[in-house]
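Below: one structure, written as structure tokens.
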Amino acid sequence: MAWWDGSVGYEIYLRSFQDSDGDGVGDLEGIRTRLGYLEKLGVDLVWITPFYPSPGADHGYDVADYTGVDPLFGALEDVERLVDEAHERDLRVIVDLVPNHSSDRHPWFQAARSDPDSPYRDYYVWRDPAPDGGPPNNWVSHFGGPAWTFDERSGQYYLHLFLPEQPDLNWANPDVADEFDRILEFWFELGIDGFRIDVAHAVVHDTEYRDNPLVGDPPEADAHPSVVFDAYEHRYDQDRPEVLDVYRRWRSLAERHDALLLGEVYLLEPSELTRYVADQDGLHSAFCFPALRTAWDPEDIRTTLTAAVDAGAGALSWPLSSHDDPRAATRFGGGESGARRARAYFALLAGLPGIPFLYMGDELGLDDGELAADEVADPVAVRNEGQTGRDGSRTPMIWEPGDGFGFTAGEPWLPFGRNRSDEQTVAAQRGDPTSHLEAMRALLRARRSLLDLAAGGSVEWIGGSSVVAYRRGDALVACNVGGAPAVLETGAAVDVLHLTTPDETAQMDGGTMTVPADTTVYAAVTPG
């Protein structure tokens with residue numbers, strides 16, 4: 001049994017979690033001071049977004065040194081101290097690894113750009129222009145525009161599936177693979193418990209660089225970058241068969257250190273996830289992003305989760321929210337109703353095989369922070385006029401009432417949002433049994449009992465109408481995705497263990513259970 005089996009994960013967006021030095025930016029020491037909070041919350045596994053030296057074009061996902069720490073966030077000694085103290089509290093720590101691209105300020109790319117004969121030239125993807133002088137193919141960037149930038153000095157284009165400041169690495173070059181072996185080993189030796197692998201499905205590209213097929217009509221010129229990206233079938237720039245060879249190689253390194261490889265496999269068909277985890281010779285787990293895209297609709301949730309469980313072979317991770325997507329409370333309607341639904345949905349995910357993940361602030365019932373157009377910082381919004389970025393989910397954590405909300409003594413790098421209030425803070429919710437925070441703590445305690453009942457059992461879907469439900473062993477999980485109480489035929493007598501709404505009860509009548517609206521029930525199937 002691996003240490004992550006049965007774990008609950010918690011994502012920390014480093015810039016926004018806790019500032020320890022008053023500069024308005026979250027840092028490693030800030031995380032260390034909040035480890036007690038995470039321990040009491042009941043999570044087991046902490047994922048920290050990048051802290052490497054970076055120019056910050058994409059807030060740390062443009063890495064200029066893979067084995068360093070940006071002074072903005074601390075020093076290498078702060079990583080060691082954080083990891084050591086986390087381990088003392090039985091918390092594991094994984095960190096982001098960004099192998100698809102580096103920063104254009106990385107010494108590798110600086111050498112590659114300045115000298116076409118440099119041995120580092122082939123660390124990146126360079127191609128001659130098309131016959132008309134334009135980009136080599138029709139690949140587009142996630143952040144808008146072509147995925148190619150022309151280099152005047154050499155007369156070639158370089159590839160970047162994200163910003164021009166994030167040139168893609170060339171994984172067809174074995175020297176790149178050797179470099180990353182050294183990078184992984186460096187952090188494993190320091191004590192890191194694994195990696196969340198950024199855009200894990202896109203590391204390897206088609207070596208012929210063929211055009212991606214267009215799906216339907218060409219997108220409008222002013223369409224959101226995500227709409228443009230989705231207008232193509234990404235047959236050649238991502239999800240290539242060869243990508244698994246990278247993770248098979250890393251698996252041997254990780255197993256020597258009992259470390260987790262968790263992939264950001266951002267593919268929205270559950271069946272596409274299967275090959276990343278099914279054979280268990282590469283990634284240990286992959287995030288199930290289809291589950292993060294569901295509406296508050298029973299059929300949508302039921303269809304998505306049944307397909308994902310079938311595809312995932314028990315090796316998926318279930319994100320409730322993330323720094324790249326709207327928060328669950330926002331997706332499910334906002335306000336108190338959205339928060340109640342988000343907690344119920346998390347309970348539904350948390351009973352499935354795999355690792356459920358909270359995103360910082362989910363436990364408070366937070367929805368997206370409301371920012372003005374001139375307050376945005378995400379390059380998706382800054383570089384594409386009139387478009388919405390990801391800042392709403394990245395606003396700083398709110399710890400206590402007052403100026404700075406206990407996050408910072410200075411000016412926060414990103415505003416908290418007009419919809420934040422003192423009543424939402426950790427301090428205001430702590431100890432109140434009706435609060436989102438205490439309800440989430442109670443849920444995580446109940447989940448441990450539920451997993452004992454599940455005992456590794458396979459998922460058997462039951463129910464219908466507005467109730468999405470399943471059994472695992474002697475555990476039953478039922479989520480009412482509806483606006484009124486609904487009856488579930490349980491097929492057996494059950495004892496109710498937990499409801500995600502503290503002021504509600506689940507009524508039993510023989511082999512039927514009435515589940516309150518927007519609520520998940522954990523129950524134990526009784527013998528007889």
Side-chain angles (χ1 to χ4, degrees), residues 1-11 42-47 92 94 193-197 200-201 247 251 254 258-294 301-322 325 328 342-359 362 440 443-444 446-461 468-473 475-477 479 520 522:
M1 181 174 176
W3 60 259
W4 53 84
D5 290 333
S7 291
V8 174
Y10 187 94
E11 180 194 351
V43 301
D44 311 281
L45 166 62
V46 179
W47 154 32
R92 300 285 188 148
I94 67 172
D193 297 298
F195 293 98
R196 177 267 191 186
I197 302 161
H201 58 295
Y247 306 129
R251 180 71 171 246
D258 194 23
L260 171 66
L261 299 178
L262 170 58
E264 185 203 19
V265 183
Y266 215 116
L267 301 173
L268 297 180
E269 289 295 330
S271 60
E272 295 174 333
L273 298 171
T274 301
R275 70 187 189 89
Y276 286 86
V277 296
D279 292 336
Q280 279 298 289
D281 62 347
L283 296 177
H284 295 99
S285 183
F287 277 116
C288 180
F289 288 102
L292 187 146
R293 295 291 193 93
T294 58
I301 291 173
R302 184 180 292 110
T303 300
T304 299
L305 296 188
T306 54
V309 168
D310 288 346
L316 295 183
S317 290
W318 307 98
L320 179 63
S321 307
S322 87
D325 295 275
R343 192 167 64 247
Y345 185 62
F346 182 73
L348 182 68
L349 297 177
L352 295 172
I355 309 171
F357 267 81
L358 290 167
Y359 175 51
D362 281 343
M440 184 61 74
L443 163 61
L444 295 181
R447 176 182 178 268
R448 299 189 188 279
S449 298
L450 186 84
L451 292 188
D452 289 340
L453 291 166
S458 60
V459 178
E460 175 192 351
W461 295 94
V468 180
Y470 58 85
R471 280 186 60 172
R472 289 184 63 198
L476 184 144
V477 178
C479 178
T520 291
Y522 284 171

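Residues passing the side-chain contact (heavy atoms from CB on, under 4.5 Å) test with D281 are R248, D279, sequence neighbours excluded. Applying the side-chain contact (heavy atoms from CB on, under 4.5 Å) criterion to A350, with sequence neighbours excluded, gives F346, P356, R447, Y522.
Checked by atom type and distance alone, the side chain of D5 pairs as donor or acceptor with a backbone atom of A2 at under 3.5 Å.
Minimum heavy-atom separation, C288 to W318: SG-CZ3, 3.7 Å. Considering all non-hydrogen atoms of both residues, V309 and W461 come closest at CG2-CZ2, 4.0 Å. The two atoms that bring V477 and T520 nearest to each other are CG1-CG2, 3.9 Å, heavy atoms only. Nearest heavy atoms, L348 versus Y470: O-OH, 2.7 Å. Looking at every heavy atom in both residues, V265 comes nearest to A286 through CG2-CB, 3.8 Å. S317 approaches L262 most closely through the heavy-atom pair OG-CD1, 3.4 Å.
At a cut-off of 3.5 Å, with distance as the only test, a side-chain donor of D325 or S322 sits close to an acceptor on the other residue. Donor-acceptor pairing under 3.5 Å is lacking for the side chains of T294 and T304.
For F287 and W47, the distance between ring centers is under 6.0 angstrom.
Between E460 and R472 there is no salt bridge, since no side-chain N of the basic residue sits under 4.0 Å from a carboxylate O of the acidic one.
The CG atom of L352 sits 9.5 Å away from the CG atom of L316 when rounded to the nearest 0.5 Å. Taken from OG in S285 to CD1 in I355, the straight-line distance is 4.5 Å, to the nearest 0.5 Å. Note: L453 CG to R448 CZ = 14.5 Å, rounded to the nearest 0.5 Å. To the nearest 0.5 Å, the span separating OG1 on T306 from CD1 on I301 amounts to 11.5 Å. Annotation: the span from Y266 atom OH to H201 atom NE2 amounts to 9.5 Å, rounded to 0.5 Å.
Two residues are said to be in side-chain contact when any heavy atoms from C-beta on lie closer than 4.5 Å; D193 and L260 fail this criterion. F289 has its side chain within reach of E264: a pair of non-hydrogen atoms, C-beta onward, lies under 4.5 Å apart. In this structure, the side chains of E11 and R196 stay at 4.5 Å or more apart for every pair of heavy atoms.
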**Request:** Test V43 against L444 for side chain to side chain contact (heavy atoms under 4.5 Å, CB included), laying out the working first.
**Result:** CA-CA 8 Å; V43 301; L444 295 181; 4.2 Å; yes
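Taking the ring axis of W4 as reference, the NZ or CZ atom of R92 does not stay both within 45° of it and closer than 6.0 Å to the ring centre.
Of the candidates L45, L292, D362, L320, L45 is the only one forming a side-chain contact (heavy atoms from CB on, under 4.5 Å) with F357.
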